[in-house]
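Encoded as structure tokens, the structure appears first; notes follow it.
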Amino acid sequence: MAEQLGELSRTHTCGALRPGDVGTEVVLLGWVHRVRDLGGVLFVDVRDREGVTQVVFDAGAATMAKAKRLRSEFVVGVAGAVRRRSAETVNPKLDTGEVEVAVRELTILNEAKTPPFPIADDTPVSEEVRLRYRYLDLRRGRLQANIGLRHRITATIRRYFDAQGFWDIETPILTKSTPEGARDYLVPSRVHAGEFYALPQSPQLFKQILMLSGMDRYVQICRCFRDEDLRADRQPEFTQVDVEMAFARPTTIFGVIEPLMAEVMSVIGVTLARPFRRMPYSEAMAVYGTDKPDLRPGMPIQDIREVFRASSFRVFRDIVAGGGTVRGFVVPDSGATSRSEVDGLVDEAKALGGSGLVWARRGEDGTITSSVMKAVGEADVTRMLDATGTGQGQILLVAAGEPDAASKLLGQLRLNIARRRGMLKADHWEFVWVVDFPLLEWDAEARRYLAMHHPFTSPVDEDLDLLEREPGRARAKAYDLVLNGTEIGGGSIRIHDAGLQARIFSLLGITPEEASLRFGFFLEALEYGTPPHGGIALGLDRIIALLLNESSIREVIAFPKTAAAVDLMAGAPSAVDRRQLKELHLA
RNA sequence: GGGGUGGUAGUUCAGUUGGUUAGAACGCCGGCCUGUCACGCCGGAGGCCGCGGGUUCGAGUCCCGUCCACCCCGCCA
């Protein structure tokens with residue numbers, strides 16, 4: 001039977017008591033973590049958010065009979081005196097392990113069904129069960145710690161932006177669908193038959209409008225919604241730290257975000273070196289085979305076309321002559337790599353869709369071997385090893401063909417090798433700004449250009465005259481922030497000039513009529529004195545997952561959804577009443 | 001949309017070439033126990049083998065379909 005709280009007031013949390021409190025009368029409120037019933041004497045670990053404290057029911061205690069009823073996860077209040085534990089019974093694993101509470105009065109505030117999985121230890125439980133009983137999973141140490149850190153990070157972020165003069169401004173959740181980019185979540189209007197609101201993919205247009213409204217510096221920790229297929233690092237709703245600044249150029253944004261990240265990292269006791277490295281998109285693609293390079297393992301991809309320009313190896317010579325590439329990277333300390341492991345890499349390359357992987361190695365004794373020794377000849381194999389600085393005991397992995405495809409393949413292999421060899425150290429933090437993204441990308445299927453970032457992204461000044469001549473070569477004032485191979489943010493300087501915006505729309509094949517239909521309110525607003533402005537959005541869930549070394553953002557979201565976008569606890573989505581559908585003009 | 005891994009007790013798992021009564025650990029319930037802290041000891045209960053078909057004398061095991069969870073590709077301006 002549950003008892004009332006009455007006048008019972010907590011004096012300390014379950015993580016607070018120390019030897020200095022010995023002798024004081026305290027009241028603890030919390031959950032029964034574990035019971036150890038020794039017959040005569042009975043120990044209970046009482047748990048709350050802050051920790052665990054052992055309370056004791058001594059032999060002959062008036063409350064003993066009641067204490068015998070206690071089971072895991074009962075909610076209790078205990079009143080009693082703090083006493084020091086004898087030297088042999090101190091528990092060094094608990095912060096409160098030097099003391100215990102001798103219970104004088106026990107209140108059972110609530111009973112509890114036996115939980116489907118243990119709360120008191122962090123033994124693994126299937127994610128399906130954890131998500132079904134998320135409220136219990138949230139009681140366990142892992143999520144308590146994760147959600148706690150998340151709070152400290154968001155508190156740090158808010159404090160930082162306030163100190164920098166940013167205003168936190170809310171933007172609409174019910175907004176207008178703009179069918180560029182990701183699929184929208186739609187909300188039917190009851191008042192307007194057949195019309196819909198969309199949930200924001202991001203507050204992009206609103207934050208830009210706030211700049212022309214003179215708000216100068218905007219920040220919002222806001223939920224965004226995208227109806228796309230999910231991944232370990234993608235949920236249908238996720239949280240962005242959304243930032244926009246008037247009169248900004250890229251370095252203005254970097255100058256705000258780098259100290260922010262330093263503050264964030266300091267929460268977990270890490271000091272960051274600044275400024276962060278900056279790398280053009282073209283370099284990231286060429287040297288790491290990705291637009292989000294993980295700089296921890298080294299092993300840059302090198303261009304070795306020169307070796308084959310006049311080689312007798314026709315396959316590579318023809319590829320180079322035809323505008324293709326030959327690239328490779330050196331795996332250090334691979335002397336121990338067995339022949340079967342090397343063959344495994346060749347298979348792996350095939351599985352990744354590569355046309356082929358060539359290897360060459362210099363043995364510990366200097367002996368040179370290669371998968372193409374016969375075809376290429378020892379002289380060119382040696383030149384290849386020399387050109388890439390492949391030392392004794394090292395192996396060079398080479399791919400040839402179309403430049404992007406070859407680099408992407410090598411980039412994937414590089415990461416797989418790094419992962420297997422433990423070269424991705426969880427306590428190394430490699431930040432890099434990837435800059436100078438292409439403004440546009442060619443959509444071969446639709447036979448037209450698409451905005452790589454979004455259609456409001458400003459081109460780089462020097463490339464303005466490329467827009468009509470060679471649009472594919474124009475670079476954007478866009479940047480991504482990458483941490484350890486994860487994109488944790490992206491942004492751009494925006495177009496603030498209606499004329500330039502019109503040119504971009506025309507490049508994207510958007511007619512003035514279409515543009516006005518989709519973003520008319522925004523384009524009209526631009527005409528009333530828009531300052532140059534730009535911003536960034538940081539992926540808060542991803543940042544926190546990285547800090548905690550969690551491989552899925554579900555571990556840092558209190559109530560996440562499954563890969564099929566289902567909330568297993570609440571049971572969403574669900575069918576609705578026919579009457580509701582009728583009101584919404586959907587039935 | 002495509003590919004992969006898994007689904008057996010409340011939980012985490014084992015389960016032989018298809019063969020008799022489907023096991024273990026933890027948890028749970030009962031008993032004993034005065035210094036435990038993953039307390040210990042003794043005893044007990046607990047199963048739609050994800051679901052639906054099929055093959056077979058016989059299916060947890062083989063085949064087909066389907067659902068769920070996770071990972072990856074496509075997708076995510």
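First the proteins, then the strands, lettered A, B, ... as listed; each starts at 1.
A/Ala59 comes within 4.0 angstrom of a base, heavy atoms only. When heavy atoms are screened at a 4.0 angstrom cut-off, A/Gln412 is found touching no nucleic acid atom at all. A/Asp227 comes within 4.0 angstrom of no nucleic acid atom, judged by non-hydrogen atoms across all strands. A/Arg132 comes within 4.0 angstrom of no nucleic acid atom, judged by non-hydrogen atoms across all strands. Within the 4.0 angstrom heavy-atom criterion, no nucleotide atom of any strand lies near A/Asp121. Among the protein residues, A/Pro118 comes within range of no part of the nucleic acid, since none of its heavy atoms lies under 4.0 Å from any strand. Here A/Gln54 lies in heavy-atom contact (under 4.0 Å) with a base. In this structure, A/Thr89 reaches the bases: a heavy-atom distance under 4.0 Å links it to at least one base atom across the strands shown. No engagement by A/Leu450 is indicated, since no non-hydrogen atom pair under 4.0 Å with the nucleic acid exists. Within the nucleic acid shown, A/Ala120 has no heavy atom closer than 4.0 Å to any nucleic acid atom. Residue A/Arg71 is in sugar-phosphate contact alone, with no base atom involved, counting any heavy-atom pair closer than 4.0 Å across all strands shown. Residue contacts for A/Arg83: at a heavy-atom cut-off of 4.0 Å it reaches a base atom on one of the strands shown.
Nucleotides B/U34 and B/A14, compared at atom C1', are 40 Å apart to the nearest Å. Going from the C1' atom of B/U66 to that of B/A25 covers 33 Å, rounded to whole Å. Going from the P atom of B/C13 to that of B/U8 covers 9 Å, rounded to whole Å. B/G23 and B/A38: their P atoms are spaced 32 Å apart (whole Å). Between B/U21 and B/C49, the distance separating the two C1' atoms is 16 Å to the nearest Å. Between B/G18 and B/A22, the distance separating the two C1' atoms is 14 Å to the nearest Å. If you take atom P in B/C63 and the same atom in B/G6, they sit 13 Å apart, rounded to whole Å. Look at the P atom in both B/G44 and B/C26: the space between them is 15 Å, to the nearest Å.
The number of heavy-atom neighbours closer than 6.0 Å to CZ of A/Phe196, taken from other residues, nucleotides and ligands shown, is above 12. Open room surrounds CZ on A/Arg49; 12 or fewer heavy atoms of other groups in view lie less than 6.0 Å from it. Within a 6.0 Å radius of NZ in A/Lys561, other residues, nucleotides and ligands contribute more than 12 heavy atoms.
For A/Arg130 against B/U11, no side-chain N or O and base N or O form a donor-acceptor pair under 3.5 Å. Looking at A/Glu127, its side chain has no donor and acceptor atom pair within 3.5 Å of the base of B/G6.
Under 4.0 angstrom from either OP1 or OP2 of B/C71 there lies at least one side-chain N or O belonging to A/Arg554. Side-chain N/O atoms of A/Arg34 include one lying less than 4.0 angstrom from OP1 or OP2 on B/C39. Close to B/A69, at under 4.0 Å from its OP1 or OP2, lies a side-chain N or O of A/Thr562. For the OP1/OP2 pair of B/U36 and a distance below 4.0 Å, the side-chain nitrogens and oxygens of A/Arg36 include no atom meeting the criterion. In this model, the phosphate group of B/U11 is not approached by any side-chain N or O of A/Thr123 to a distance below 4.0 Å at OP1 or OP2. Note on A/Lys113: every side-chain N or O is 4.0 Å or more away from OP1 and OP2 of B/C28.
Using Watson-Crick or G-U wobble geometry with both donor-acceptor distances under 3.5 Å, B/G52 finds its partner in B/C64. Across every strand in view, B/A25 sits in a pair with B/U11 that passes the Watson-Crick or G-U test at under 3.5 angstrom. The partner of B/C32, taking Watson-Crick or G-U wobble pairs whose two distances both stay under 3.5 Å, is B/G40. Across all strands shown, B/G47 forms no Watson-Crick or G-U wobble pair with both key distances under 3.5 Å. Summarising the base pairing, B/G74 is matched to no nucleotide, lacking a Watson-Crick or G-U wobble pair whose two defining distances lie under 3.5 Å. Both distances falling under 3.5 Å, in either a Watson-Crick or a G-U wobble arrangement, place B/G19 opposite B/C57.
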Practice item. Could you check A/Phe225 against A/Phe238 for ring-ring contact (aromatic ring centres under 6.0 Å, His included), going step by step and ending with a plain yes or no? Key: CA-CA 7 Å; A/Phe225 306 85; A/Phe238 60 98; 8.2 Å; no

Practice item. Just do the side-chain hydrogen bond (donor to acceptor under 3.5 Å, both in side chains) check on A/Glu550 and A/Asn146 with the steps written out, would you? Key: CA-CA 9 Å; A/Glu550 290 282 8; A/Asn146 290 4; 2.9 Å; yes

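Salt bridge annotation for A/Lys292-A/Glu487: absent, with no cationic side-chain nitrogen under 4.0 angstrom from a carboxylate oxygen. With respect to A/Arg47 and A/Glu73, a salt bridge is recorded, a charged nitrogen being found less than 4.0 Å from a carboxylate O.
Using the six-membered ring where Trp is involved, A/Phe456 and A/His454 have ring planes that are tilted, between 30° and 60° apart.
Mapping A/Pro124 and A/Ser552 onto RNA chain B by nearest heavy atom places A/Pro124 at the nucleotide closer to the 5' end. Taking for each of A/Arg226 and A/Val566 the nucleotide of RNA chain B with the nearest heavy atom, the 5'-most of the two is the partner of A/Val566.
Remark: aromatic rings of A/Trp31 and A/Phe74 are distant, center separation not under 6.0 Å.
Rounded to whole angstrom, the span from the CD atom of A/Glu128 across to the P atom of B/U11 amounts to 10 Å. The distance from atom NZ of A/Lys561 to atom C1' of B/A69 is 16 Å, rounded to the nearest whole Å. Whole-Å rounding puts the A/Tyr133 OH to B/A69 P distance at 15 Å.
Ranking B/C37, B/C75, B/U12 by closeness to the A/Val125 side chain, first place goes to B/U12. The nucleotide whose nearest atom lies closest to any side-chain atom of A/Ser72 is, among B/C28, B/C75, B/C72, B/C28.
Taking a centre distance below 5.5 Å and an interplanar angle below 30 degrees as the stacking criterion, A/Phe43 stacks against the six-membered base ring of B/U36.
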